[in-house]
Chemist: 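Below are the structure tokens for one structure; questions will follow.
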Protein chains: 2
Amino acid sequence: MSKASGKTKKDDRISSICEALRQAIIEQALKPGTKLPEDALGERFGVGRTIARQALAQLASEGLVDHKRNKGAEVATPSWEEARDLFDLRMSLERLVVSRLAGNLTKEQIAALRQHIAKEDAARNTREAISVRLATEFHTMLAEMTGSPVLVRYVQEICRRCGLTLTLYARPHSSDCAINEHIEILDALEKGDADAAARIMHHHLEEVANRALISPVNTHAPSLMDILAPYAAVEEAESGAKVSQMAGKAVNGHRRRKSSPA
Amino acid sequence: MSKASGKTKKDDRISSICEALRQAIIEQALKPGTKLPEDALGERFGVGRTIARQALAQLASEGLVDHKRNKGAEVATPSWEEARDLFDLRMSLERLVVSRLAGNLTKEQIAALRQHIAKEDAARNTREAISVRLATEFHTMLAEMTGSPVLVRYVQEICRRCGLTLTLYARPHSSDCAINEHIEILDALEKGDADAAARIMHHHLEEVANRALISPVNTHAPSLMDILAPYAAVEEAESGAKVSQMAGKAVNGHRRRKSSPA
DNA sequence: GAAACGAGGATTGTCTACAAGATGGTGCAT
DNA sequence: ATGCACCATCTTGTAGACAATCCTCGTTTC
């Protein structure tokens, strides 16, 4: 009875903007501390300040942006204690996820997970932030397969915040082992070994948390408008099959200088 | 004379309204399904529609109100499956809380908890909704004592949603044992017996969930669609199929939101 | 020369106005 | 009489206007 499927464009512009900003934050295109003025966001996404403001409020409630009264919103800068707290709870939640999932995955789900791991592997040599995003998506997929909307929401949120923390503190060259651990987790889940899956997951997250300890890097973004250009475009493209006419928005796809394939 | 009474007045009106609505919802002053027009809220709280709207959005993100596009907001009516899901995750989260708290409570914290239990006991003969609110606050206090802001947020949110569920489905005369269980939990925590505390908490929540989730027919606002579902079904079957089995089951989630990501 | 003060600009907080969609009633046609 | 279509009205969605607050920077004074 419901045909409404791909109307994320007109259906809820706030969600679209949130998602775009989330991606930008996780991929560190928007670094922690970057100011997010409502005017600029509204102009970039083609909406008024009202919508931009609501999107920022949403992200603030998720902990991805910091909203101080009369001082605007900026990308959150999690402290070390907050990061530790996040990872602690994340471990518990994801233990719960794998214990629910062990032995209960369908063939299709396992295939989807392996496919995603392949994507992670393929992106191993690209920008670090991309790897973080893909790894986060893996954990999100696991949570979604539990079929528990609440759990999905919490895991998603906490994973994103952990991802933000990683882009802040983590040192590079550490995603290779993480991918292997993803494989191990999936293997244990497929075999139905809940204990092993929980143990590996715990170890996996502990590893990830441990390598987020030092070197607080801080640089200021060059231009907010330029940074957001690809994400404003991807917001429409990611919808999937329906690539309707996006006349006005003019996808000027000059990606960042860093990604030069081949 | 206005400065001594705290900063809730000008500090953040949205939060104030949210809190007021939360209380009203938990105490069933606003019953599930009640429409919440922005105009009325704004007028009642002395703010414009913008503020009321933001408060509603906040509550919607917490799952306490249901927000349908172009159709306004209303107090959420959790389905049976959602309620089951909520209580499942709540058990896990609160197990985590008590396992963190066992043996680590200060004298002051224990005293505060006992004082709150006394308040629960005093309110045992008042309205059911008040008891639910106080019981919820007890669990919230426990979460706060972990010192983990994220955990606090999640436990708070999930407890409120569970409280909403209870006001919907629970039958009266059931808070006495719950208070005793609170005492048992606190005793175990004070002794530092993490296992016992976790076990009692699990049992406690299972009890609460069971008395809430056994009979979904108890609601005073039954969905018309659900009621008519068997009849609509028999109209399609049109022949030998009997309705008798459906009368027993009666748990049929009809149209839910269409977002099932693969 | 440094610190305090104040004007100016910029950004946020809130409200109201206008547009779009939904709901419900009325009238017309069959 | 029933069903359909149109319209009136209400509520929500969104944008911009106006006021309040904060930051910056130049000026003044010790």
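Proteins get letters first, then strands, A, B, ... in listed order; numbering begins at 1 in each.
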Chemist: Does Phe138(B) have any ring pair (Phe, Tyr, Trp, His ring centres under 6.0 Å) partners at least two apart in sequence or in another chain, and if so, which?
Modeler: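 Applying ring pair (Phe, Tyr, Trp, His ring centres under 6.0 Å) to Phe138(B) gives His182(B).
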
Chemist: CD of Glu43(A) versus C1' of dT11(C): gap in Å, rounded?
Modeler: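 To the nearest whole Å, that distance equals 15 Å.
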
Chemist: For Arg13(B) and dT12(C), give me the distance from atom CZ to atom P, rounded to whole Å.
Modeler: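 After rounding, the gap between these two atoms is 18 Å.
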
Chemist: For DNA chain C, determine which residues of residues 18-25 of chain B have any heavy atom closer than 4.0 angstrom to one of its atoms, and list them numerically.
Modeler: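 Heavy-atom contacts with DNA chain C come from no residue of residues 18-25 of chain B; none.
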
Chemist: What is the distance, to the nearest angstrom, from the CZ atom on Phe45(B) to the P atom on dT14(C)?
Modeler: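 Computing the Phe45(B):CZ to dT14(C):P distance gives 15 Å.
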
Chemist: Once salt bridge (charged side-chain N to carboxylate O under 4.0 Å, His left out) is applied, what residue pairs with a partner in residues 140-156 of chain B remain, sequence neighbours excluded?
Modeler: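 Found Glu157(A)-Arg153(B), Arg153(B)-Glu157(B).
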
Chemist: What pairs of nitrogen or oxygen atoms, one from the protein and one from nucleotides 7-12 of chain D, lie under 3.5 Å apart?
Modeler:
from, atom 1, to, atom 2, distance (Å)
dT12(D), OP2, Glu38(B), N, 3.4

Chemist: If a pair satisfies side chain to side chain donor-acceptor pair (under 3.5 Å) and one of its residues is in residues 40-49 of chain B, list it, with sequence neighbours excluded.
Modeler: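 Sorted result for residues 40-49 of chain B: Glu38(B)-Arg49(B).
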
Chemist: Only counting residues at least two apart or in another chain, list the ones meeting side chain to side chain donor-acceptor pair (under 3.5 Å) with Arg22(A).
Modeler: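 Arg22(A) satisfies side chain to side chain donor-acceptor pair (under 3.5 Å) with Glu19(A), Glu62(A) only.
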
Chemist: Provide, to the nearest angstrom, the distance between the CD atom belonging to Gln54(B) and the C1' atom belonging to dT14(D).
Modeler: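 Taking CD of Gln54(B) and C1' of dT14(D), I get 13 Å after rounding.
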
Chemist: Ala76(A) and Gly63(A): which non-hydrogen atoms are nearest, and at how many Å?
Modeler: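 Between these two residues, the closest heavy atoms are CB-O, 3.6 Å.
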
Chemist: Can you list the residues that meet the salt bridge (Lys or Arg N to Asp or Glu O under 4.0 Å) rule with Arg90(B), with sequence neighbours excluded?
Modeler: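 Arg90(B) satisfies salt bridge (Lys or Arg N to Asp or Glu O under 4.0 Å) with Glu94(B) once adjacent residues are dropped.
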
Chemist: Quick one: list whatever passes side chain to side chain donor-acceptor pair (under 3.5 Å) with Ser61(B), sequence neighbours left out.
Modeler: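 With sequence neighbours excluded, Ser61(B) shows a side chain to side chain donor-acceptor pair (under 3.5 Å) to no residue whatsoever.
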
Chemist: In whole Å, what is the span from the CD1 atom of Ile14(A) to the P atom of dT14(D)?
Modeler: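 After rounding, the reported distance stands at 6 Å.
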
Chemist: For Asp85(A), check side chain to side chain donor-acceptor pair (under 3.5 Å) against everything at least two apart and list the hits.
Modeler: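 With sequence neighbours excluded, Asp85(A) shows a side chain to side chain donor-acceptor pair (under 3.5 Å) to Ser148(B), given in chain and number order.
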
